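The next block holds one structure in the form of structure tokens; read it before the comments.
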Amino acid sequence: MHNELPASAAGYFGSMVESYDSLIRRAVPRYDEMTARLIDYLPAEPRSILELGCGTGNLSLLLAHNFPRASLTLVDGSADMIALTRSRIGESGLSVSKPSYVTAQFEELALPESSFDLVVSSISLHHVADKANLYRRIRTLLRAGGSFCFADQIRGEPESNHRINWERWLDYCRQSGHCTQEEIESLLDHAAAHDHYVPLTQHVSMLSDAGFNDIDCVWRNWMWGIVTASAA
């Protein structure tokens, strides 16, 4: 019998703050490559950056390293993850403006409109059920010409493609040295309870309706992909 899952995605990942970095590399194929490619497609000199779902700070540290003059606002639903990211950035020795840290669900963010040049996220947005509303909110937070770039799980289309992607992911998790059976069962339970995958075509449609243009999928590996868009 499986242990009872936390009631939210934030609770689930907050409960594994010490083991998250190990698990993500054992459970997400080409994780470091995906993160590096996400950085490649960000604008050259954003002045203000909002990261949705900072987690343990892997992407946050890269943002601080690559954009030391930008102001960073880092958001996560888990207070434990926020605390770890704050500690890692503080101990990194990076010359960066003091980041702002916000513990909140993405849907409940209370931030000024037109206050960011870049909104970025990595493996977090699939926890949001109402992506159309979130994309509209993100558009209001961006200045005209700003960028929205995210890496996330994307549902395959047609359904037969999604099944192949799903099985390839499980094959990866089952490889020697990757995930235990207990970890796989926990990930599957979490996905069933908290994850909301949509196909790329729906992402493009929702982003366009929210006021974005120049929408592109710039990297793809099975379920995972990177999408970039510009605020019209």
Side-chain angles (χ1 to χ4, degrees), residues 8-25 28 31-32 34-128 134-135 137-152 226-231:
S8 67
Y12 176 80
F13 289 110
S15 69
M16 61 168 65
V17 65
E18 296 299 329
S19 60
Y20 177 84
D21 279 353
S22 168
L23 178 63
I24 200 167
R25 288 175 171 83
V28 178
Y31 169 75
D32 289 314
M34 181 176 66
T35 307
R37 294 294 79 74
L38 179 59
I39 291 291
D40 286 343
Y41 284 96
L42 300 184
E45 294 185 1
R47 294 172 295 162
S48 53
I49 303 172
L50 171 64
E51 182 188 358
L52 299 177
C54 64
T56 58
N58 293 331
L59 178 58
S60 310
L61 285 165
L62 290 173
L63 293 171
H65 173 76
N66 284 275
F67 309 111
R69 292 185 290 182
S71 63
L72 300 178
T73 300
L74 309 177
V75 178
D76 202 276
S78 166
D80 289 335
M81 291 293 194
I82 286 286
L84 180 56
T85 297
R86 185 195 300 268
S87 175
R88 290 185 71 188
I89 289 180
E91 295 171 0
S92 68
L94 292 170
S95 176
V96 61
S97 300
K98 185 178 180 181
S100 297
Y101 298 93
V102 181
T103 303
Q105 302 300 316
F106 305 157
E107 305 92 325
E108 300 168 358
L109 278 177
L111 295 169
E113 295 185 2
S114 302
S115 53
F116 298 98
D117 302 306
L118 170 64
V119 177
V120 63
S121 183
S122 179
I123 318 186
S124 292
L125 300 184
H126 63 278
H127 297 134
V128 177
L134 178 65
Y135 291 167
R137 177 61 179 143
I138 289 171
R139 175 60 189 88
T140 68
L141 295 175
L142 281 165
R143 301 183 180 99
S147 298
F148 175 35
C149 306
F150 65 88
D152 204 11
I226 296 173
V227 174
T228 63
S230 299

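Just so you know, these numbers come straight off a predicted model, no measurement behind them. Here, residue 1 is the first one in the sequence, and each next residue gets the next number.
With sequence neighbours left out, Ala104 forms a side-chain contact (heavy atoms from CB on, under 4.5 Å) with Val102, Leu109.
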Where do Ile123 and Ile24 land on the side-chain contact (heavy atoms from CB on, under 4.5 Å) test, with the steps shown first?
-> CA-CA 10 Å; Ile123 318 186; Ile24 200 167; 4.0 Å; yes
Verify side-chain contact (heavy atoms from CB on, under 4.5 Å) between Tyr41 and Ser147, making sure each step is shown before the conclusion.
-> CA-CA 10 Å; Tyr41 284 96; Ser147 298; over 6 Å; no
Evaluate the criterion side-chain contact (heavy atoms from CB on, under 4.5 Å) for residue pair Phe150 and Val119; output intermediate values, then yes/no.
-> CA-CA 8 Å; Phe150 65 88; Val119 177; over 6 Å; no
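A distance-only check finds a donor-acceptor pair linking the side chain of Thr85 to the backbone of Gly57 [under 3.5 Å]. Although no hydrogens or angles enter the test, the distance criterion places no donor-acceptor pair under 3.5 Å between the side chain of Ser92 and the main chain of Gly90. A donor-acceptor pair under 3.5 Å is absent between the side-chain atoms of Arg37 and the main chain of Asp40, judged by distance alone. In this structure, Ser48 contributes its side chain and Ser115 its backbone to a donor-acceptor pair below 3.5 Å. The closest donor-acceptor contact from the side chain of Ser121 to the backbone of Leu52 lies under 3.5 Å.
Side-chain atoms of Tyr101 and Asp76 form no donor-acceptor pair, as typed in the model, at a separation below 3.5 Å. One side chain, Thr140 or Arg137, offers a donor N or O that lies under 3.5 Å from an acceptor on the other.
Between Leu38 and Cys149 there is a side-chain heavy-atom pair separated by less than 4.5 Å. At least one side-chain heavy atom of Pro99 sits under 4.5 Å from a side-chain heavy atom of Ile89. Residues Ile49 and Asp117 form no side-chain contact, since every pair of their non-hydrogen atoms from C-beta on lies 4.5 Å or further apart. Contact annotation: the side chain of Pro46 never approaches that of Phe116 to less than 4.5 Å [non-hydrogen atoms, C-beta and beyond]. Counting heavy atoms from C-beta outward, Val75 and Ile82 have side chains that stay 4.5 Å or more apart. Put simply, the side chain of His127 does not reach to within 4.5 Å of the side chain of Gln105, judged on heavy atoms. The shortest side-chain heavy-atom distance between Leu50 and Leu141 falls under the 4.5 Å cut-off. Looking at heavy atoms from C-beta onward, Met81 lies out of side-chain contact with Thr103 at the 4.5 angstrom threshold.
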Acceptor/donor pairs from residues 59-68 side chains to any protein atom, 3.5 angstrom cut, sequence neighbours excluded:
from	atom 1	to	atom 2	distance (Å)
Ser60	OG	Glu51	OE1	2.6
Asn66	ND2	Leu62	O	2.7

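Across Val120, Ile138, Thr228, a single residue satisfies side chain to side chain contact (heavy atoms under 4.5 Å, CB included) together with Phe148, and that is Ile138.
One distance of note links CG of Leu142 with CG of Leu118; it measures 7.5 Å at 0.5 Å rounding.
Under 4.0 Å is where a charged nitrogen must lie from a carboxylate oxygen, and between Asp21 and Arg88 at least one such pair does.
Within a 6.0 Å sphere centred on CZ of Arg47, other residues, nucleotides and ligands contribute 12 heavy atoms or fewer.
Residues Arg139 and Ala144 come closest through the heavy atom pair NH2-CA, 4.2 Å.
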